[in-house]
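Here is the structure we will look at, set down as structure tokens.
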Amino acid sequence: MLGLLLARAGIDVTVIEKHADFLRDFRGDTIHPSTLELMHELGILERFLERPHQEAREITAEIGSQAFRIADFSHLPTTCKYIAFMPQWDFLDFIRAEANRYPNFHLMMETEVRELLMQNRTIAGVRVMTKDGPQDLRAALTIGADGRASRVREAARFQVIEIGAPFDVLWLKLPAKPTDPHEPVGRFQGGQFFIMLYRGDYWQCAMIIPKGGFDKLKAEGIAGFRSRLRTVAAFARDRVDTITSFDDVSLLTVKIDRLRRWARAGLLCIGDAAHAMSPVGGVGINLAIQDAVATANLLAPTLREGEVPSLKQLLRVQKRRNFPTKATQFFQLQAQNRVLAPSFRTQVTPTPPAFLHVLNRVAALRRFIARMIGVGVRPEHIAVKEWAVKETSALASA
């Protein structure tokens, strides 16, 4: 996304991608109303919505036999009053197609960052390994957007503030039937939490488990695991036999952290490379995209003039995005520590807290929750105009 925004602003930009394609199963694929609004501002929303996707206008939760309405997106002050679901490889392919319209956008696939290049104590680019061998790429600015296991932030030796999470996530697929509901469902049952996201012909499911608990589940065998699934899969319990082995299950090791400082001279980290988010609320992708927009808004004018952004300018991105990052992580911590962790400890279906009954009765509160999830804290907007291409360079490692 940042590559698209910088290229659109007239800056020569190269995006580095380690893999040969974008096809990785069980990546996050929630496109929130705030992100859809940015695409509207860029004039590409209609083309995006032409691609296959699903839409959710409400979020519900089930605790035991009781159902609660959590969030209602239908009153958001956005063009799209829903969360869109699209496999992340399709979303990335769409962004790539839009970025390719600009001749100053370059994408290097099967290219892995190995180390940072230094010049006068300033990061001056990266050394990469391509399928044809090593290569040095020099740039006015290098941006680490390579996720929670960021090689860039490791090489830069940034200090990480570890916050921690008491759970991991198991991703799996269950078949969908025409009679199934389409809205996302979160279900607590017997000390287990199960999320189901409709994907047209299948359900993408997340089983929340205690941190490090996957080995224990595997020790119970696949039959024991399917038995657990039946207790939480609700209307899809008759389909759990499609999980034939643990090869059908993907583990996401959850961590929450953030960098004490996001930048050094010549280098900036954004997205999960700067702040790894919990899956709670599915906001990680959208918070990262907000980072990208803030980065383009603050740095594109300097880059377009052929100048190297100063460290002070780079840290303005962190200053702009620090509050939404910390606020979102705070709310995620409240959810995991007050709801998920106690349920894991007791291994019984939790008693629905009073605020869920209030949410069921008070529509205004459901709209507030929807705004926090769908729009977030301090949403960004496109502020940089589309310019002609000029010879200025930036690198983004994804």
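These numbers come from the heavy atoms of this one structure, side chains and all, not from hydrogens, waters or symmetry mates. Note that the structure is predicted; figures quoted are calculated from it, not measured.
Counting only residues at least two apart or on different chains, the ring-ring contact (aromatic ring centres under 6.0 Å, His included) pairs with a member in residues 226-249 are W203-F235, F214-F246, F225-F246. Contacts classified as ring-ring contact (aromatic ring centres under 6.0 Å, His included) and involving residues 263-316 (residues at least two apart or in different chains) are given here: W262-H275. Applying the ring-ring contact (aromatic ring centres under 6.0 Å, His included) test to residues at least two apart or on different chains, none of the pairs has a partner in residues 288-334.
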### Task
Go through the steps to decide whether Q159 and R261 satisfy the test side chain to side chain contact (heavy atoms under 4.5 Å, CB included), and finish with yes or no.
CA-CA 7 Å; Q159 185 178 355; R261 175 178 275 206; over 6 Å; no
### Query
Are F105 and L6 close enough, and set up right, to give a side chain to side chain contact (heavy atoms under 4.5 Å, CB included), and what steps lead you there?
CA-CA 8 Å; F105 174 83; L6 292 178; over 6 Å; no
### Message
Pair D291, T295 - check side-chain hydrogen bond (donor to acceptor under 3.5 Å, both in side chains), show working.
### Response
CA-CA 6 Å; D291 288 355; T295 301; over 6 Å; no
### T130/Q135 under side-chain hydrogen bond (donor to acceptor under 3.5 Å, both in side chains): CA gap, chis, key distance, verdict
CA-CA 7 Å; T130 72; Q135 183 178 344; 4.7 Å; no
### Message
Does R258 form a side-chain hydrogen bond (donor to acceptor under 3.5 Å, both in side chains) with Q329? I'd like the steps, not just the answer.
### Response
CA-CA 9 Å; R258 61 177 176 264; Q329 288 182 331; 2.6 Å; yes
### Query
Can you list the steps and then say if V308 with L141 is a side chain to side chain contact (heavy atoms under 4.5 Å, CB included)?
CA-CA 7 Å; V308 178; L141 174 63; over 6 Å; no
### Query
What's the verdict on side-chain hydrogen bond (donor to acceptor under 3.5 Å, both in side chains) for E41 and H381, showing C-alpha distance, side-chain angles and the deciding distance?
CA-CA 8 Å; E41 293 173 7; H381 296 279; 2.5 Å; yes
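Using a 4.0 Å cut-off between a side-chain N of Lys or Arg and a carboxylate O of Asp or Glu, R228 and E220 qualify as a salt bridge. For E110 and K18, the salt-bridge test fails: no basic side-chain N is under 4.0 Å from an acidic carboxylate O. Ion pairing between D272 and K255 fails under the 4.0 Å rule for side-chain N and carboxylate O. The pair R51-D93 meets the salt-bridge criterion, with a side-chain N (NZ, NE, NH1 or NH2) lying under 4.0 Å from an Asp/Glu carboxylate O. Here D180 does not pair with K177 in a salt bridge; the nearest charged N to carboxylate O distance is not below 4.0 Å. Using a 4.0 Å cut-off between charged side-chain N and carboxylate O, R57 and D72 make no salt bridge. Using a 4.0 Å cut-off between charged nitrogen and carboxylate oxygen, R321 and E380 count as a salt-bridge pair. Residues D241 and R230 are paired through a salt bridge, judged by an N-O separation under 4.0 Å between the basic side chain and the carboxylate. We find that R157 and E154 are not joined by a salt bridge, their nearest charged nitrogen and carboxylate oxygen being 4.0 Å or further apart.
To the nearest 0.5 angstrom, E183 atom CD is 13.0 Å from Y82 atom OH. With rounding to the nearest 0.5 Å, the separation of CD in Q119 from CD1 in I123 is 11.0 Å. Rounding to the nearest 0.5 Å gives a distance of 11.5 Å between CD of Q204 and CE of M196. Between the CD1 atom of I70 and the CG atom of L365 there is a distance of 11.0 Å, given to the nearest 0.5 Å. We find the CE-NE2 distance between M108 and H106 to be 10.5 Å, quoted to the nearest 0.5 Å. To the nearest 0.5 Å, atom CD of residue Q66 and atom CG of residue L356 are 9.5 Å apart.
By the criterion of side-chain heavy atoms lying less than 4.5 angstrom apart, applied directly or through intervening Ile, Leu, Val, Met, Phe, Trp or Tyr residues, V160 is grouped together with V317 in one hydrophobic cluster. There is no path of hydrophobic side-chain contacts, each under 4.5 Å, that joins L45 to V384. Following chains of ILVMFWY side-chain contacts shorter than 4.5 Å, one can reach I373 starting from I208, so the two form part of one hydrophobic cluster. Hydrophobic clustering of Ile, Leu, Val, Met, Phe, Trp and Tyr side chains at less than 4.5 Å, counting indirect connections, keeps L298 apart from L315. Taken together through direct or relayed side-chain contacts under 4.5 Å among Ile, Leu, Val, Met, Phe, Trp and Tyr, I31 and I44 form part of one hydrophobic cluster.
Side-chain contact between E112 and V128 is absent, with no heavy atoms from C-beta onward closer than 4.5 Å. F158 places a side-chain heavy atom less than 4.5 Å from the side chain of C269. D248 is not listed as a side-chain neighbour of L172, based on a closest heavy-atom distance of 4.5 Å or more. With contacts defined as side-chain heavy-atom distances shorter than 4.5 Å, the pair L314/L299 qualifies. At least one side-chain heavy atom of S34 sits less than 4.5 Å from a side-chain heavy atom of Q290. Taking 4.5 Å as the limit, some side-chain heavy atom of Q88 sits within range of a side-chain heavy atom of L92. Residues M207 and V169 have side chains not in contact (no heavy-atom distance under 4.5 Å, counting atoms from C-beta outward).
The backbone N or O of D146 lies less than 3.5 Å from no partner atom in the side chain of S150, so there is not a single donor-acceptor pair. Panel note: side chain R378, backbone N322; no donor-acceptor pair is recorded below 3.5 Å. Not one N or O on the side chain of N286 forms a donor-acceptor pair closer than 3.5 Å with the backbone of T35. For R237 (side chain) and A234 (main-chain N/O), a donor-acceptor pair under 3.5 Å exists by modelled atom type. The closest donor-acceptor contact from the side chain of D168 to the backbone of G212 lies under 3.5 Å. Without hydrogens or angle criteria, D136 side chain to R127 main chain gives no donor-acceptor distance under 3.5 Å. With R367 contributing its side chain and H75 its backbone, the two residues share no donor-acceptor pair below 3.5 Å. The backbone N or O of D247 sits less than 3.5 Å from a side-chain atom of S245, completing a donor-acceptor pair.
Under a cutoff of 6.0 Å and an axis angle of 45°, K81 and F73 do not form a cation-pi pair. Judged by a 6.0 Å distance limit and a 45° cone about the ring axis, R304 is positioned over the six-membered ring of W387.
Remark: M129 pairs with R114, P134 by the side chain to side chain contact (heavy atoms under 4.5 Å, CB included) rule, at least two apart or across chains. Evaluation of the side chain to side chain contact (heavy atoms under 4.5 Å, CB included) rule for T242 yields L174, P175 as partners, not counting sequence neighbours.
Listed here is the closest heavy atom pair of A273 and L259: O-CD1, 3.6 Å. Taking every heavy atom of both residues into account, A233 and V240 meet most closely at CB-CG1, 4.3 Å. Counting all heavy atoms, side chain and backbone alike, N360 lies closest to A67 at ND2-O, 3.4 Å.
Aromatic ring centres of F91 and H53 lie farther apart than the 6.0 Å criterion allows.
Enclosure of atom CD in E46 is not indicated, since only 12 or fewer non-hydrogen atoms of other residues, nucleotides or ligands lie within 6.0 angstrom.
Residues M277 make up the rest of the hydrophobic cluster containing L287, defined by ILVMFWY side-chain heavy atoms closer than 4.5 Å, directly or through other members.
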